[in-house]
Engineer: 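Encoded as structure tokens, here's the structure I'll be asking about.
Since this is a predicted model, take the numbers as computed values, not measurements.
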Amino acid sequence: MNTLISPDDTWSLWAVITAWAAVSIWLEQNYKWAAQASGVIISLLGAMLLANLNIIPTDSPVYDTVWSYVVLLAVPIMLFKADIKKIWLASGRTFLAFHISALGTIIGVALGLLIFMKFLPEPHKVAAMITGTYIGGTVNYVAMAAQFNASQNVINAGIVADNFNMTICFFILLTIPSVKFFRSHYKSLFKYEEVLDLNNNKDAEMKAAEYWRRNDISLLDIAKVLAAGLILTALSVKIAEFFNAAQALPKFARDILGSKYLIVTTLTVICVSLFPKFFENAHGSQEIGTLLIYIFFVVIGAPASLKAVLTESPMLFIFCTFAVLINIIVSLILGKLFKLNLEEILIACNATTGGPTTAAAMAISKGWNSLVLPAMLVGVWGYAIGSWCAVLLANFILNFKKDVMQMEFNLSALFIICPLVFLAGVIDAIAGGGGFLSLPAYMFAGFPVHMALGTNKLSSSMGTTLATARYAMDGYIDFKIAASCALCSLIGSQFGTRLALSINEYAFKIIMLIIIPPTAFYVLKDKAFRDDREPFNSYKTLILSMIIAFAVGAYDGFYGPGTGTFLILLLTSAAHLKLTQANGITKVINLASNYAALTVFFLNGKVLIIPGLIAGAFNIAGNYIGSRSFEKGGAKVVRPVMIIVLAIFFVRVLLEVL
């Protein structure tokens with residue numbers, strides 16, 4: 001079909017694309033109706049109209065250029081403010097609330113797929129895009145659309161559904177603080193009577209206008225932003241190509257490490273955190289990155305079918321609404337459990353669902369001035385992790401075999417699994433070693449070995465996350481030591497796995513039978529968990545802790561059971577850490593290794609989601625009770641539990657040897 005502008009008229013097409021992107025931005029910033037519809041919707045609908053009027057073509061090499069280059073360049077530029085250290089220090093408890101909401105998004109999308117999968121177009125692509133945008137923002141939605149090569153109709157239908165859903169979501173979040181139930185059951189940072197309303201308060205409007213004032217951008221700023229963005233993009237493409245060509249790696253590893261969108265995200269965050277001053281002074285990155293995103297939305301609007309978009313949007317709208325409601329419910333429940341303030345929870349929900357700008361705008365409109373900066377920072381952090389979460393979830397869906405999805409599990413199996421997993425959570429939170437109970441529970445219930453391992457990792461990771469967060473909030477975790485130990489444990493685990501392939505496992509079990517009795521005898525002695533040992537200097541403590549983490553990590557990779565128990569014992573006796581500090585560091589190390597293992601099981605389709613989530617809820621309850629018991633009982637609680645764990649371990653190894 002002939003169009004006014006031909007597909008190969010490059011300059012004219014670029015002129016139309018950028019001009020309409022500029023018009024969309026201008027309308028959004030100057031008219032209330034456009035702001036409510038959003039510039040993104042305007043750019044999409046405008047491009048559709050131009051294509052249907054035969055002014056611009058539905059296909060052109062120019063559009064391919066935008067897909068191949070402009071989208072990828074926008075990702076690092078939008079991440080120039082993602083300094084992990086600054087976000088961690090300045091966002092406070094909102095940082096924890098944000099990750100709870102991100103978990104709510106993942107749960108919402110996963111459950112939504114189980115319910116609506118048959119009615120969704122391109123389910124795994126939709127899941128990736130919605131997960132990306134409801135943890136990060138538009139840049140993640142665009143990156144996932146390009147990563148999984150979603151069709152223009154699905155992309156546009158998702159954008160339409162998402163924007164309509166945003167209106168409902170923001171209305172709910174803005175209404176919750178005025179509901180008496182929430183005011184009476186949640187702690188609050190502000191008095192309700194002092195809360196401002198942007199619609200009725202001129203002072204709030206003035207604050208909003210002042211916050212979103214015009215920024216000064218110099219020629220050098222533009223040069224720095226574009227140069228740094230292009231360098232990071234070029235390096236990321238080369239790294240991704242290298243991993244894609246590495247046939248020695250398993251396929252799931254190539255799928256992850258070979259993703260240029262994940263590589264550019266990770267590389268940018270690392271560089272921004274290492275050289276914060278350079279990127280902080282590169283003004284204009286958000287403006288340039290956003291313009292590139294608008295150009296993309298104009299391009300994807302051109303070839304889309306308006307009829308297809310309107311047909312597919314209602315189902316996607318239902319799916320998006322379901323995911324957001326689950327996000328809010330999970331955030332409110334877990335936020336209450338973690339004793340977070342209502343305002344922190346709501347800002348986190350807004351930051352995941354709408355991104356940093358809408359979260360900050362909500363804080364301003366409500367008069368929550370102390371939360372404006374945290375809202376922006378955690379929203380930017382969402383850009384950094386949104387694509388990773390989305391890719392992992394989408395790859396899990398792709399690799400999840402149909403026979404596994406349809407596998408039926410007897411209800412009676414949960415009556416076996418859940419009580420034991422609950423008890424395992426209690427033991428894990430107090431002294432480690434809960435895997436001695438939880439893993440056999442799955443196997444006894446009839447799960448195949450690998451499926452038992454993967455599903456057990458899901459439920460145990462949920463509980464360990466809760467326990468770790470509680471220890472962190474109560475000040476039991478020294479993150480300077482814990483971060484280094486977690487890294488050493490991961491390295492040691494890889495070493496132990498390779499060692500397991502070359503050493504006779506039977507001989508190793510004999511060694512363990514010799515070691516366990518004197519270990520138990522040592523635990524029974526009063527000096528095993530003494531808190532009055534003279535501490536070493538910080539350098540010696542760090543080195544010893546890292547050595548212990550590496551050694552026990554190697555054991556975990558080689559064999560596994562009792563890892564938490566041995567970590568606590570060695571960190572207190574050899575590194576002279578206090579019991580509370582050692583227990584907190586142990587939780588971080590276990591959490592890192594659990595997530596790494598869970599990712600592998602997910603990507604290989606060895607996790608049953610429904611029983612895993614149900615058992616995970618029991619594990620969370622067990623960890624919660626266990627961590628509370630630890631707070632009250634300290635070493636008095638740890639010693640008897642650890643003796644029981646070592647006894648079970650000894651009997652199990654003995655039975656395996658005989």
Engineer: Please report the shortest heavy-atom distance between Asp83 and Ser273, naming the atom on each side.
Structural biologist: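 In this case the closest contact between Asp83 and Ser273 is OD1-CA, 3.6 Å.
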Engineer: Leu346 and side chain to side chain contact (heavy atoms under 4.5 Å, CB included): which single residue from Ile176, Ile172, Ile328 fits?
Structural biologist: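 When side chain to side chain contact (heavy atoms under 4.5 Å, CB included) is applied between Leu346 and each of Ile176, Ile172, Ile328, only Ile176 qualifies.
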Engineer: Check whether any side-chain N or O of Glu344 sits under 3.5 Å from a backbone N or O of Asn341 as a donor-acceptor pair, and report yes or no.
Structural biologist: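 At least one qualifying donor-acceptor pair exists.
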Engineer: Sub-3.5 Å donor-acceptor pair from the side chain of Asn244 to the main-chain atoms of Gly258, do we have one?
Structural biologist: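 Side chain of Asn244 to backbone of Gly258, a donor-acceptor pair under 3.5 Å: yes, one is there.
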Engineer: Take Lys86 and Glu280 through the test side chain to side chain contact (heavy atoms under 4.5 Å, CB included) and record every step on the way to the result.
Structural biologist: CA-CA 11 Å; Lys86 181 179 178 181; Glu280 186 176 351; 4.3 Å; yes
Engineer: How far does CD1 of Ile329 sit from CG of Leu334, to the nearest 0.5 angstrom?
Structural biologist: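 Going from CD1 on Ile329 over to CG on Leu334, the span is 11.5 Å.
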Engineer: Please work out which of the three classes, parallel, tilted or perpendicular, describes the rings of Tyr31 and Trp33, given edges at 30° and 60°.
Structural biologist: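 Plane angle between 30° and 60°, so tilted.
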Engineer: Please round to the nearest 0.5 Å and tell me the distance separating atom CG of Leu113 and atom NE2 of His124.
Structural biologist: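 Interatomic distance, Leu113 CG to His124 NE2, rounded to 0.5 Å: 11.0 Å.
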Engineer: So do the side chains of Thr105 and Val330 get within less than 4.5 Å of each other, counting heavy atoms only?
Structural biologist: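 When only atoms from C-beta onward are counted, Val330 and Thr105 do not touch, as no gap falls below 4.5 Å.
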Engineer: Would you call Phe98 and Ile385 a side-chain contact if the rule is heavy atoms closer than 4.5 Å?
Structural biologist: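 Yes - at least one pair of side-chain heavy atoms lies under 4.5 Å apart.
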Engineer: Any donor-acceptor pair under 3.5 Å linking the side chain of Asp221 with the backbone of Ile217?
Structural biologist: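 No, the answer is negative, given that no donor and acceptor are paired below the 3.5 Å cut-off.
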Engineer: Hey, are the side chains of Phe296 and Trp67 touching, using non-hydrogen atoms and a 4.5 Å cut-off?
Structural biologist: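 A side-chain contact exists here, since the closest heavy-atom pair is under 4.5 Å.
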Engineer: Using distance alone, with no hydrogens and no angle criterion, decide if Asn140 and Tyr261 have a side-chain donor and acceptor under 3.5 Å apart.
Structural biologist: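 Per modelled atom types, Asn140 and Tyr261 side chains form no pair under 3.5 Å.
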Engineer: Would you indicate whether the side-chain heavy atoms of Tyr383 and Val75 approach each other to under 4.5 Å?
Structural biologist: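 No, their side chains stay 4.5 Å or more apart.
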Engineer: Can you tell me how far apart CG (Leu220) and NE2 (His283) are? Round to the nearest 0.5 Å.
Structural biologist: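 If we round to the nearest 0.5 Å, Leu220:CG and His283:NE2 are 10.0 Å apart.
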Engineer: Just by distance, do the side chain of Asp9 and the backbone of Ile5 share a donor-acceptor pair under 3.5 Å?
Structural biologist: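 Such a contact is absent between Asp9 side chain and Ile5 backbone.
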Engineer: If we ignore hydrogens and angles and just use 3.5 Å, is the side chain of Thr133 paired with the main-chain N or O of Met129 as donor and acceptor?
Structural biologist: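 Checking the backbone N and O of Met129 against the side chain of Thr133, no donor-acceptor pair under 3.5 Å is found.
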Engineer: Fit a plane to each ring of Trp381 and Phe95, take the angle between them on a 0 to 90° scale, and name the class: parallel (under 30°), tilted (30 to 60°) or perpendicular (over 60°).
Structural biologist: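 Correct class here is tilted.
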Engineer: Is a side-chain donor or acceptor of Thr266 paired with a backbone partner of Ile263 at a separation under 3.5 angstrom?
Structural biologist: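 No, because the side chain of Thr266 does not come within donor-acceptor range (under 3.5 Å) of the backbone of Ile263.
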Engineer: Kindly say whether the aromatic ring centers of Trp20 and Tyr294 come within a distance under 6.0 Å.
Structural biologist: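 Ring centres of Tyr294 and Trp20 not closer than 6.0 Å.
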Engineer: Are the side chains of Val126 and Phe148 in touch, meaning some heavy atoms are under 4.5 Å apart?
Structural biologist: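 No, every pair of side-chain atoms sits at 4.5 Å or beyond.
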Engineer: Decide yes or no on side chain to side chain contact (heavy atoms under 4.5 Å, CB included) for Phe317 and Ile168, but give the supporting numbers first.
Structural biologist: CA-CA 11 Å; Phe317 171 76; Ile168 297 175; 3.4 Å; yes
Engineer: Under a 3.5 Å distance rule, please check whether Tyr141 uses its side chain to pair with a backbone N or O of Ile155 as donor and acceptor.
Structural biologist: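 Yes.
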Engineer: Checking Thr268 against Phe80 for the side chain to side chain contact (heavy atoms under 4.5 Å, CB included) test, could you report, in this order, the C-alpha distance in whole Å, the side-chain angles of both residues, the deciding distance, and whether it holds?
Structural biologist: CA-CA 7 Å; Thr268 302; Phe80 279 9; 4.2 Å; yes
Engineer: My understanding is that only one of Leu79, Leu274, Val272 makes a side chain to side chain contact (heavy atoms under 4.5 Å, CB included) with Phe279; could you say which?
Structural biologist: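 When Leu79, Leu274, Val272 are each tested with Phe279, the side chain to side chain contact (heavy atoms under 4.5 Å, CB included) holds only for Val272.
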Engineer: With a 4.5 Å heavy-atom cut-off, do Trp368 and Pro177 have their side chains touching?
Structural biologist: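 The answer is yes; the side chains approach within 4.5 Å.
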Engineer: Work out which heavy atom in Val269 is nearest to a heavy atom in Ala384; give both atom names and the distance.
Structural biologist: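 Closest approach of Val269 to Ala384: CG2-CB, 3.6 Å.
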Engineer: Give me the atom names and distance for the closest heavy-atom approach of Leu316 to Val154.
Structural biologist: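 Here Leu316 and Val154 meet closest at CD1-O, 4.2 Å.
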Engineer: Determine, step by step, whether Gln147 and Ser259 satisfy the side chain to side chain contact (heavy atoms under 4.5 Å, CB included) criterion, reporting the C-alpha distance in whole Å, the side-chain angles of both residues, the deciding distance to 0.1 Å, and the verdict.
Structural biologist: CA-CA 8 Å; Gln147 167 77 20; Ser259 169; 2.9 Å; yes
Engineer: If we only count heavy atoms from C-beta on, is the Ile55 to Thr3 side-chain gap below 4.5 Å?
Structural biologist: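 A side-chain contact is absent here, since even the closest heavy-atom pair is not under 4.5 Å.
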Engineer: Of the non-hydrogen atoms in Tyr63 and Pro57, which two are nearest, and what is the gap between them?
Structural biologist: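 Heavy atoms only, the tightest pair is OH-O, 2.8 Å.
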Engineer: Side chains of Ile326 and Phe322, heavy atoms from C-beta outward: is any pair under 4.5 Å?
Structural biologist: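 Contact flag for Ile326/Phe322 side chains = yes.
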Engineer: More than 12 heavy atoms of other residues, nucleotides or ligands under 6.0 Å from CG of Leu219: is that the case?
Structural biologist: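 At most 12 heavy atoms, drawn from other residues, nucleotides or ligands, come within 6.0 Å of this atom.
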Engineer: Counting distance only, does the side-chain N/O of Asn165 pair as donor-acceptor with the main-chain N or O of Ala161 below 3.5 Å?
Structural biologist: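 Flag not set: sc Asn165 to bb Ala161 has no pair under 3.5 Å.
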Engineer: Any chance you could measure Leu120, atom CG, to Lys118, atom NZ, to the nearest 0.5 Å?
Structural biologist: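 One finds 12.5 Å between CG of Leu120 and NZ of Lys118.
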Engineer: In Å, rounded to the nearest 0.5 Å, how long is the span from CE of Met362 to CG of Leu371?
Structural biologist: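 One finds 9.5 Å between CE of Met362 and CG of Leu371.
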Engineer: Flag this pair as yes if the NZ/CZ of Lys224 is under 6.0 angstrom from the six-membered ring centre of Phe278 and inside a 45 degree cone about the axis; otherwise no.
Structural biologist: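 Relative to the ring axis of Phe278, which defines the angle, Lys224 lies inside both limits.
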Engineer: Check for a donor-acceptor pair, side chain of Ser101 on one end and backbone N or O of Gly104 on the other, with a separation under 3.5 Å.
Structural biologist: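 It does not hold such a pair.
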Engineer: Ser68 and Leu72: which non-hydrogen atoms are nearest, and at how many Å?
Structural biologist: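 Result for this residue pair: O-CB, 4.2 Å.
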Engineer: Ignoring hydrogens and angles, tell me if any N or O in the side chain of Asn156 forms a donor-acceptor pair with the backbone of Asn153 under 3.5 Å.
Structural biologist: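 No, the answer is negative, given that no donor and acceptor are paired below the 3.5 Å cut-off.
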Engineer: Please report the closest heavy-atom contact between Leu13 and Ser60, naming both atoms and the distance.
Structural biologist: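 Closest pair (atom of Leu13, atom of Ser60, distance): CD1-OG, 3.2 Å.
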Engineer: Measuring from atom CD1 of Ile77 to atom CG of Leu291, what distance do you get when rounded to the nearest 0.5 angstrom?
Structural biologist: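 Answer rounded to 0.5 Å: 10.0 Å.
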